[in-house]
Amino acid sequence: MPRKRAAIAVVGMQWGDEGKGKVIDLLAENARHIARAQGGNNAGHTIVISGREFKFHLIPSGILYPHTKCYIGGGTVIDPSSLFAEMDDLTRCGVDYVKRLYISRYAHIVFPYHRLIDKLSEEKKGGGAVGTTGRGIGPCYTDKVNRCGIRVADLIDEQVLRAKLHLVLQAKNQELVRVYDHAPIPEEPLFEEYKEWGRRLASFAAPVEEMLYVAAKQGEKTLFEGAQGALLDITFGTYPFVTSSCTLSGGVAAGLGIGPTKIDETIGVTKAYTTRVGAGPFPTELSESEQKNFPDHSAARETGTTTGRKRRMGWLDICVLKHTICLNGVDSLALMKLDILDHLDEIKICTGYKHTPHFPATLEGLWHAKPIYESHPGWKSSTRGVRSYNDLPSEAKAYIRRIEELCDVPVSVISTGPGREETLWLDRFIDE
Ligand code: GDP
Ligand code: IMO
Ligand code: MG
């Protein structure tokens with residue numbers, strides 16, 4: 001009997017920006033529902049269609065197909081100004097999202113004081129700063145856990161918003177003044193601005209949890225779009241250089257309010273090398289001379305989608321992948337950006353770290369991790385536009401097979417360029 005896989009989670013296996021948006025966009029062609037479970041507009045997912053670029057931060061990357069329904073789940077944090085800017089971009093591109101975009105009432109709202117505290121607390125940390133995206137994500141999740149957050153359900157009720165904002169703003173202003181020596185934020189204009197956002201958001205608020213439950217009952221194809229990557233997970237990432245939500249497949253269930261048995265399959269998205277944006281340990285980071293052999297950041301599309309920062313680049317790290325495959329219960333890997341390695345003489349894979357069989361749990365252990373490298377000959381030819389797996393250069397096939405062997409997980413998708421058509425499917429993920 002063919003395996004039932006109506007619901008697929010697509011999650012990042014490294015430090016984010018693995019190419020999740022591209023994978024979701026491709027799978028969405030045959031899906032009905034696409035949902036985001038966590039994170040906010042710290043995410044930046046890029047899709048390239050016939051040379052045209054689309055960037056998503058909070059709206060699921062499946063929205064470009066008119067047959068899909070897209071959901072922003074209760075575990076996310078929503079900055080209304082950014083969300084509506086994304087909607088306006090879609091309108092300009094002729095994409096109709098009305099009656100196709102649903103937002104959970106449980107999601108928390110990002111306020112300007114979150115963005116401000118994000119920035120001020122990073123400044124205060126100086127050299128120890130996390131290098132956040134500055135979108136107020138951490139402070140918003142802090143309020144959620146501290147039980148003083150304001151949710152979509154509160155925002156769309158003017159009286160509740162008034163009462164909650166009054167209380168919370170008093171505390172925030174004390175913090176701004178006393179801790180950061182910053183001017184307080186006046187209440188009235190903030191209330192007026194957010195009341196207006198609430199009015200606009202109201203028509204999108206929906207019982208997302210129930211809608212996804214019904215979709216699952218009916219066996220309708222559903223995609224869960226991960227944001228960030230496993231090493232940015234709040235619990236199991238390279239803490240404290242992490243984001244503030246659960247970025248793992250388990251976070252999909254918690255963030256959307258669906259049972260874990262409703263996820264049939266998990267695809268782990270990884271680059272054929274490694275990148276990280278922001279501060280924190282990165283054991284396989286390229287040396288300056290190694291970096292020179294790679295295409296530059298703009299040619300490699302390694303400039304952050306959200307903040308425009310250059311991403312740090314490194315060799316593929318199997319120690320990372322084994323750790324994150326385990327954390328996510330990954331069924332197969334989508335191996336992205338193989339083409340970026342096209343012109344290298346030598347390609348290295350880190351097969352483990354000296355003196356430790358496990359991925360280090362401490363920053364100390366990670367800063368001092370000594371990668372053990374295996375060297376592979378480069379294929380020195382373009383893989384872009386290659387139409388079938390068999391047409392890949394033999395060295396590229398050997399590289400892929402070695403990754404599968406080391407990870408003990410099959411590769412189901414190989415990506416050789418940003419475009420939709422620059423993709424090789426070893427498994428089509430379509431129900432028989
Ligand atoms: P996400 O956050 O995981 O969705 O990834 P991003 O969109 O932030 O970053 C991935 C970048 O690589 C984007 O600019 C993509 O267009 C691009 N990209 C994705 N797959 C490939 C690929 O196979 N080759 C190349 N050259 N670029 C790719
Ligand atoms: P996508 O979904 C890459 C990183 C930031 C910083 C850390 C904490 O596009 O893969 P935050 O603003 O979340 O408090 O920042 O997490 N970060 C990402 N890095 N891709 C992302 O999302 C990221 N979202 C957050 O750079 O190091
Ligand atoms: Mg990204």
Side-chain angles (χ1 to χ4, degrees), residues 10-26 36 38-49 51-58 60-61 77 79 110 114-115 117-119 121-122 129-142 225-234 237-245 247 268-273 275-280 282 294-295 297-309 311-312 334-342 382-386 413-424:
V10 175
V11 289
M13 303 302 286
Q14 297 162 316
W15 279 283
D17 301 325
E18 297 89 351
K20 299 173 292 293
K22 170 170 170 169
V23 174
I24 286 285
D25 170 64
L26 288 165
R36 270 279 301 273
Q38 43 70 229
N41 62 330
N42 49 348
H45 298 178
T46 316
I47 294 170
V48 181
I49 301 166
R52 194 163 166 205
E53 202 169 281
F54 298 85
K55 291 173 194 272
F56 295 102
H57 298 287
L58 199 52
S61 304
V77 291
D79 185 329
V110 177
H114 292 130
R115 289 194 299 265
I117 290 171
D118 194 356
K119 181 173 150 271
S121 74
E122 282 280 276
V130 174
T132 70
T133 59
R135 300 295 187 266
I137 307 299
C140 184
Y141 276 117
T142 302
E225 177 170 353
Q228 290 81 49
L231 291 183
L232 292 172
D233 179 71
I234 184 66
T238 49
Y239 191 88
F241 295 97
V242 293
T243 191
S244 304
S245 63
T247 61
V269 187
T270 174
K271 282 175 181 162
Y273 49 100
T275 62
R276 137 161 246 181
V277 59
F282 185 174
F294 275 72
H297 281 79
S298 108
R301 305 179 73 84
E302 290 305 0
T303 305
T305 310
T306 300
T307 58
R309 291 176 290 180
R311 296 175 185 146
R312 299 155 64 193
L335 187 68
M336 314 301 286
K337 308 193 76 159
L338 190 70
D339 55 303
I340 301 303
L341 306 179
D342 279 352
S382 174
T383 56
R384 282 190 77 161
V386 165
V413 182
I414 300 165
S415 175
T416 61
R420 275 180 175 165
E421 62 296 344
E422 294 168 310
T423 314
L424 298 171

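In each ligand, atom 1 is the first atom listed, and ligand 1 is the first ligand listed.
Using a 4.0 Å heavy-atom criterion, the residues that approach ligand 1 are Asp17, Glu18, Gly19, Lys20, Gly21, Lys22, Gly44, His45, Thr46, Val48, Arg301, Thr305, Arg311, Met336, Lys337, Asp339, Ile340, Ser415, Thr416, Gly417, Pro418. When heavy-atom distances to ligand 2 are checked against 4.0 Å, the residues falling inside are Trp15, Gly16, Asp17, Lys20, Asn42, Ala43, Gly44, His45, Val130, Gly131, Thr132, Thr133, Ala227, Gln228, Leu232, Val242, Thr243, Val277, Gly278, Arg309, ordered by chain and number.
Salt bridge absent: Arg312 and Glu302 never bring a charged side-chain N and a carboxylate O closer than 4.0 Å. At a threshold of 4.0 Å, the pair Arg115-Asp79 counts as salt-bridged, since one of the basic side-chain nitrogens sits closer than that to a carboxylate oxygen. Ion pairing of Lys22 with Glu422 is absent here, as no side-chain N (NZ or NE/NH1/NH2) approaches a carboxylate O to less than 4.0 Å.
Ordered by chain and number, Asp17 OD1, Gly44 O make up the set of protein N, O or S atoms under 2.8 Å of the Mg ion (ligand 3).
Side chain to side chain, Thr307 and Arg309 meet the donor-acceptor criterion of an N or O pair below 3.5 Å. Between the side chains of Ser61 and Asp25, no donor-acceptor pair is found at a separation under 3.5 Å. The closest side-chain donor-acceptor pair between Ser245 and Gln38 falls under 3.5 angstrom. Counting only N and O atoms by type, the side chains of Thr416 and Asp339 include no donor and acceptor under 3.5 Å apart. Using modelled atom types and a 3.5 Å distance limit, the side chains of Gln14 and Thr275 yield no donor-acceptor pair.
Under the ring-ring contact (aromatic ring centres under 6.0 Å, His included) criterion, Phe282 pairs with Trp15, sequence neighbours left out.
In this structure, the side chain of Tyr141 does not engage the main chain of Gly136 through any donor-acceptor pair within 3.5 Å. A side-chain donor-acceptor contact under 3.5 Å links Glu122 to the backbone of Val130. A donor-acceptor contact shorter than 3.5 Å is absent between the side chain of Arg276 and the backbone of Arg311.
No more than 12 heavy atoms of other residues, nucleotides or ligands sit less than 6.0 Å from atom OH of Tyr239.
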